Amino acid sequence: MIKTRITEMFGVETPIVMGGMTGVGHARLVAAVANAGALGFIVAHHSSNKQELLEEIELCRSLTDKPFGVNLTLLPSLNKIPYDEYREAIIESGVKIVETAGRNPTEHLPAFKAAGVKVIHKCTSVRHAVTAARHGVDIISIDGFECAGHPGEDDVGLIVLLPATVDALGDVPVIASGGMADGRSLAAALMLGAEGVNMGTRFMATQECAIHENVKKKIVENTERDTLLTNRTLRNTSRVARNAVSEEVVAIQQDSTKTIEDVRHLVAGVRGRTNVMGAGDTDGGIWTVGQSQGLIHDIPTCQDMVAAIMRQAEQVLTKNAQRVVVSA
């Protein structure tokens with residue numbers, strides 16, 4: 001059995017986290033993750049208002065009696081996002097774990113602190129992690145360049161970024177994110193100073209995840225080379241699946257004078273959610289996936305997957321210690 005500060009702080013059985021994923025982090029999957037002994041996050045902005053988020057939290061509670069959290073991604077938007085309502089719903093529901101991403105959650109921290117809510121903040125650089133910790137977040141989830149979605153603009157892989165972050169933060173716990181997909185990933189992250197791992201792509205390829213089966217099968221079929229980086233010239237880099245649409249976007253953006261307007265019709269989130277995640281056309285739009293898909297070879301239940309990851313991690317930690325550590 002592996003115990004860390006993450007398992008102790010949150011009362012979960014394993015140091016495995018499924019962070020918030022747009023289009024994926026719904027109550028039924030989060031409950032399955034929780035029942036498997038890991039920590040999952042409902043995505044707040046799937047709900048249009050406070051009441052809808054309260055109902056989603058209540059649905060999750062009806063399916064599990066184990067801990068789970070809510071993701072609050074703080075990003076600029078043309079349409080006003082009801083962040084204050086989301087915060088109120090989280091506090092009123094009694095949820096005690098929040099994962100934030102995007103800008104620093106400084107305006108929300110006082111209310112969360114007063115309600116005893118622990119805040120995990122996702123960062124892509126050491127300097128941003130240090131700033132977030134200084135503002136008072138409880139845990140840092142550090143995203144390496146391998147991650148799905150937005151890896152930042154520094155292009156630093158997790159094997160360097162993780163220990164550098166651990167060194168810089170002192171006693172603040174760190175969760176390793178980006179490229180994490182199996183027990184070896186967990187064992188390696190623990191050895192580099194992490195208290196747990198965040199897995200996104202790995203949880204997409206599970207039986208309980210409510211995306212189209214074609215997408216799950218594509219993740220299994222793909223290798224670590226089957227992602228592309230879009231929006232590099234806009235300094236809003238995003239790692240997505242390699243397909244006909246993302247290749248077209250990258251080709252257009254070879255011209256640095258092109259703006260978001262030149263690719264908006266291609267990268268629209270609604271196109272990916274409708275055509276890919278909903279209808280199963282894996283070439284029908286942009287969809288987010290990490291390099292860790294190269295380590296994913298099956299579509300298990302969350303229960304079986306988490307158990308296998310923990311079993312492998314324990315074996316790796318034990319056998320490798322015996323293999324490389326020689327007593328004098």
Side-chain angles (χ1 to χ4, degrees), residues 19-25 41 43-46 71-81 83 99-107 120-132 140-158 160-161 165 177-179 198 200-201 204 224-277 283-293:
M21 291 182 281
T22 300
V24 175
F41 286 87
V43 173
H45 65 239
H46 288 162
N71 168 276
L72 202 60
T73 297
L74 305 166
L75 295 172
S77 175
L78 293 175
N79 300 313
K80 182 176 173 57
I81 299 173
Y83 288 121
E99 177 193 60
T100 59
R103 68 176 184 271
N104 271 316
T106 48
E107 69 268 38
I120 302 169
H121 186 61
K122 294 185 75 174
C123 299
T124 59
S125 71
V126 174
R127 64 189 183 279
H128 293 150
V130 169
T131 300
I140 292 294
S141 181
I142 194 72
D143 265 359
F145 188 54
E146 304 91 335
C147 73
H150 297 287
E153 305 302 320
D154 294 341
D155 299 1
V156 181
L158 192 65
V160 171
L161 185 60
T165 303
S177 181
N198 175 55
T201 302
M204 290 173 66
E224 67 281 358
R225 298 180 63 247
D226 291 313
T227 69
L228 286 176
L229 297 169
T230 61
N231 297 336
R232 296 286 271 171
T233 54
L234 306 178
R235 294 195 61 77
N236 187 29
T237 300
S238 186
R239 186 179 297 283
V240 300
R242 180 190 293 272
N243 66 6
V245 178
S246 62
E247 287 180 345
E248 184 177 354
V249 171
V250 170
I252 291 169
Q253 292 181 330
Q254 294 297 309
D255 180 350
S256 62
T257 67
K258 298 295 185 182
T259 70
I260 189 63
E261 296 305 323
D262 295 293
V263 296
R264 187 180 296 278
H265 63 294
L266 297 171
V267 303
V270 66
R271 176 174 177 171
R273 288 190 296 274
T274 302
N275 296 347
V276 182
M277 299 302 183
D283 276 317
I286 292 287
W287 55 287
T288 300
V289 72
Q291 290 181 327
S292 63
Q293 65 183 345

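Because the structure is predicted, anything quoted here is derived from the model rather than measured.
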(message) Looking at every non-hydrogen atom in both residues, tell me the closest pair between G144 and L161 and how far apart they are.
(response) CA-CD2, 3.9 Å
(message) Given 3.5 Å as the limit, does a donor-acceptor pair link the side chain of Q253 with the main chain of N231, or not?
(response) yes
(request) Enter the distance from E99:CD to L72:CG here, rounded to the nearest 0.5 Å. (result) 10.0 Å
(request) Look at the side chain of H150 and the backbone N and O of T237, then say whether any donor-acceptor pair between them is shorter than 3.5 Å. (result) yes
(request) Starting from the C-alpha separation in whole Å, work towards a yes-or-no answer on side chain to side chain contact (heavy atoms under 4.5 Å, CB included) for V160 and F145. (result) CA-CA 10 Å; V160 171; F145 188 54; over 6 Å; no
(message) Please check: side-chain N/O of H46 versus main-chain N/O of T22, any donor-acceptor pairing under 3.5 Å?
(response) no
(message) So does G284 get a backbone contact from the side chain of R271, meaning a donor-acceptor N/O pair under 3.5 Å?
(response) yes
(message) For a 4.5 angstrom cut-off between non-hydrogen side-chain atoms, does T124 reach P151?
(response) no
(message) Please determine whether a side-chain nitrogen of the Lys or Arg among D143 and R239 lies less than 4.0 Å from a carboxylate oxygen of the Asp or Glu.
(response) no
(message) Measuring only between side-chain heavy atoms, which start at C-beta, is I142 closer than 4.5 Å to L158?
(response) yes
(request) Report yes if the side chains of T233 and K258 come closer than 4.5 Å at any heavy-atom pair, otherwise no. (result) no
(message) Can you confirm whether I260 sits close enough to L234 that some side-chain heavy atom of one is under 4.5 Å from a side-chain heavy atom of the other?
(response) yes
(request) Find the distance between CG (N71) and CE (M21) and round it off to the nearest 0.5 Å. (result) 10.0 Å
(request) Drop me the distance from N198's CG to K122's NZ, to the nearest 0.5 angstrom. (result) 5.0 Å
(request) Output the distance between atom CG (D154) and atom OG (S125), rounded to the nearest 0.5 Å. (result) 5.5 Å
(request) Report yes if some heavy atom in the side chain of E146 is under 4.5 Å from a heavy atom in the side chain of T227; otherwise report no. (result) no
(request) Taking all heavy atoms of T288 and all of M204, pick out the closest pair and write down the distance. (result) O-CE, 3.8 Å
(request) Of all the heavy-atom pairs spanning A132 and H121, show the shortest one and how long it is. (result) CB-CD2, 3.6 Å
(message) Do T230 and V267 make a side-chain contact, defined as non-hydrogen atoms from C-beta onward lying under 4.5 Å apart?
(response) no
(request) Specify the closest pair of heavy atoms between A148 and G290, including all atoms of both residues, with the distance to one decimal. (result) CB-N, 3.3 Å
(request) Might you work through the side chain to side chain contact (heavy atoms under 4.5 Å, CB included) test for W287 and N243, ending with a clear yes or no? (result) CA-CA 9 Å; W287 55 287; N243 66 6; 3.5 Å; yes
(message) I need the I140 CD1 to S177 OG distance, nearest 0.5 Å.
(response) 12.0 Å
(request) Answer whether the closest heavy-atom distance between the side chains of I286 and L266 falls below 4.5 Å. (result) no
(request) Answer yes or no: is there a donor N or O on one side and an acceptor on the other, between the side chain of D262 and the main chain of T259, under 3.5 Å? (result) yes
(request) Can you measure from CZ (R225) to CD (Q293) and round to the nearest 0.5 angstrom? (result) 11.5 Å
(request) Quick one: closest heavy-atom pair of R103 and E107, and the distance? (result) NH2-OE2, 3.1 Å
(request) Evaluate the side-chain proximity of D283 to V245: yes if any heavy-atom separation is below 4.5 Å, no if none is. (result) no
